[in-house]
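Report on the following structure.
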Amino acid sequence: MTPETLERAIEALLFAADGPLSASEIAYRLPEGAEVGKALAALRARYSGRGVSLEIINDRWQFRTAPDLAYLMVEEREEPRRLSKAALETLAIIAYHQPVTRAEIESVRGVGLSRGTLDVLHEMNLIKLRGRRRTPGRPVTYGTTDYFLEQFSLPSLADLPGAAEMRAAGLLDINVPADFMVPDPSNGQTTEDPLLLEEMEETEFAQDFFEKD
Amino acid sequence: MTPETLERAIEALLFAADGPLSASEIAYRLPEGAEVGKALAALRARYSGRGVSLEIINDRWQFRTAPDLAYLMVEEREEPRRLSKAALETLAIIAYHQPVTRAEIESVRGVGLSRGTLDVLHEMNLIKLRGRRRTPGRPVTYGTTDYFLEQFSLPSLADLPGAAEMRAAGLLDINVPADFMVPDPSNGQTTEDPLLLEEMEETEFAQDFFEKD
Amino acid sequence: MSTRDTAPKGFENDVLQRRLDFDGPGPEVAEEIASDEALILDLDGYEGPLHVLLALARQQKVDLLKISITRLAEQYLTFIQEARRLRFALAADYLVMASWLAYLKSRLLLPKTERKATNEPAPEELALSLAYRLKKLEAMRKAVEALTSRPQLRRDVFARGDPEARLIIPSSRIEANVFDLMSAYVTQRRRELERHYDPTRRIEAYSLEDARDNLRAQLPKLNNWTALDEVAPQPRSAGGPRRVSYVASTLSASLELAKEGHLQLQQLATFETLYMRKRQALINKSDGASNDA
């Protein structure tokens, strides 16, 4: 397959698909040995600035309309169910701290979670049960779903806005970190690398028992 | 609206629409006076020869994948397969006790194995014949495949969770005797003979019938 | 949330606005009223004391970690007073926070030299921890803004409206994980263990007397810290007392013996293993182990 044919094929597959496709799912449909990664990158560049662009969502690829054209899409728009402030805050806490227990969520917000909040997030398929914490009482932990990443157009969990900075500033710990210091703004702590995705996953695994979903 | 913006807008509209759109339907969603016809023609030219082309069907416009790539769109769907309870339980015993004979599986399960169960696990490439036990009757033994490890994201058989992890997961309560042991399947047992190549192909089913006593 | 930043100055106004809102509750308001938090939410627009504190802290316009906690406490107490003056039923959370802040403030104002030595953490530590919580809550609010301003599917960006063929890759994936595998395994092994169980026989309990006698007999050998699990006898026959009974009775007996001064017990933390050994009164005490009875 020439690079041009490959690019065309991938373009067709992604255009026709009803959901994001991973590189391996694409490769599966194509002759063996096809350089899918390279072709995807080329395709992405080709669509940059067009009315439709190729995005990475949840480590998968998907054509989506350009965000600046949202105003045109009146007929396609589904009025998204509005989440209450409490629900949004809870969702953010879960997204940035996962896996996180209910008690930890409550401790961040300083108020009890009303019964409906987690239900609503569950119902909207934004959060899921992740596992159980290995601590007394073995509380269940929550995390976000794949759908959450799709809904908020996130390439992966590592791309949560501001997460790297928050982590560097110790703000993603549940309790005050032992070495927590009032940061000195003159020496920016931005020299720290964000956690790699696999690192995030490793720590989660150690912390959480087996994921069940 | 510049011609570029117009083209982008139409591209997005056609992409997101749930069916073909007529020129007037498109114009209706755009600022008045937009030269929709011209932009559609330009867009059509732009996509010519690509993996996706802009087609006119019954005076309506629609993006379709290029006809020569139709072969990529052939659809077969297969849900992630659910294992029956019996199959999962049998698989678990084979995983932990391998190499294990059919009679041994039945003795742990306390019920006879229906013929279908092992067939299903074979078919799904989760188990394989391992060898023959050096005991009277020389029964064949079963073990898990590499694919099994892949499915359960296990680096090796030694990574199957042992009794300590089961206890930590709350699966074992205090009434389970302290000497409850979970065999370590990564300890190669030498009490069996390898299967001959032709046996691996042939005996599978015959053996299944015989062993049931 | 920016509308509430001016509290408490605009508090009365806010309350008034809220009350007016009540007259014609939109569906959204009705939903809030239905929820458990309706009272708090509709009372003042804050969800809890921490949210109020955050709004107040922002007025100080410094890094939250450098905030003046005494000033913050002052403002919060004023806020609470004001709310009470307007006769709003305040949730207990708010009052608890108020009294805690009042206490913290008084300790912070006390010169270090005059503080009595207590087991409590230093007030500066508590203040830092409060500042950290505020900073964290603020970070999460920013995260909400950052998240909700991302292009959202079906609101700002749209995927293919008319997919041609459902491209779903044939999957040989199975719907089970290691946990399922473990549970399936244990279920069967347990069934196997219980297969010999005879429900017609009475389940015996391991008597306290027996446990005491047994422990006394073992006592001379218990020179080293030994786990309760090891001290409690194993069930001898299928029909006899169950393991759980052996453990429970041995635990009771060990408490009695400790009380009588024959045994020492220690447990490092809740749910940790319980260790016991013979009382070491005459042996040298510098062996490093704690001698808590």
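Between B:R50 and A:E4 there is no salt bridge, since no side-chain N of the basic residue sits under 4.0 Å from a carboxylate O of the acidic one.
Looking at B:I26, neither its backbone nor its side chain comes within 4.5 Å of chain A, counting heavy atoms on both sides. Residue B:R46 touches chain A through its side chain alone, counting heavy-atom pairs closer than 4.5 Å.
Considering all non-hydrogen atoms of both residues, A:A16 and B:T65 come closest at CB-CG2, 3.9 Å. Here the shortest heavy-atom pairing between B:R8 and A:A66 reads NH2-CB, 3.3 Å. When all heavy atoms are compared, the tightest approach of A:L69 to B:A12 is CD1-CB, 3.7 Å.
Rounding to the nearest 0.5 angstrom, the gap separating the CG atom in A:L13 from the CE atom in B:M73 is 4.5 Å. Between atom OG1 of residue B:T5 and atom CG of residue A:D68 there is a gap of 9.0 Å, rounded to the nearest 0.5 Å. Distance OH/B:Y47 to CZ/A:F15: 4.5 Å, rounded to 0.5 Å. Separating the CG atom in A:L72 from the CD1 atom in B:I10 is a distance of 9.5 Å, to the nearest 0.5 Å.
The shortest distance between side-chain heavy atoms of B:R29 and A:Y71 does not fall below 4.5 Å.
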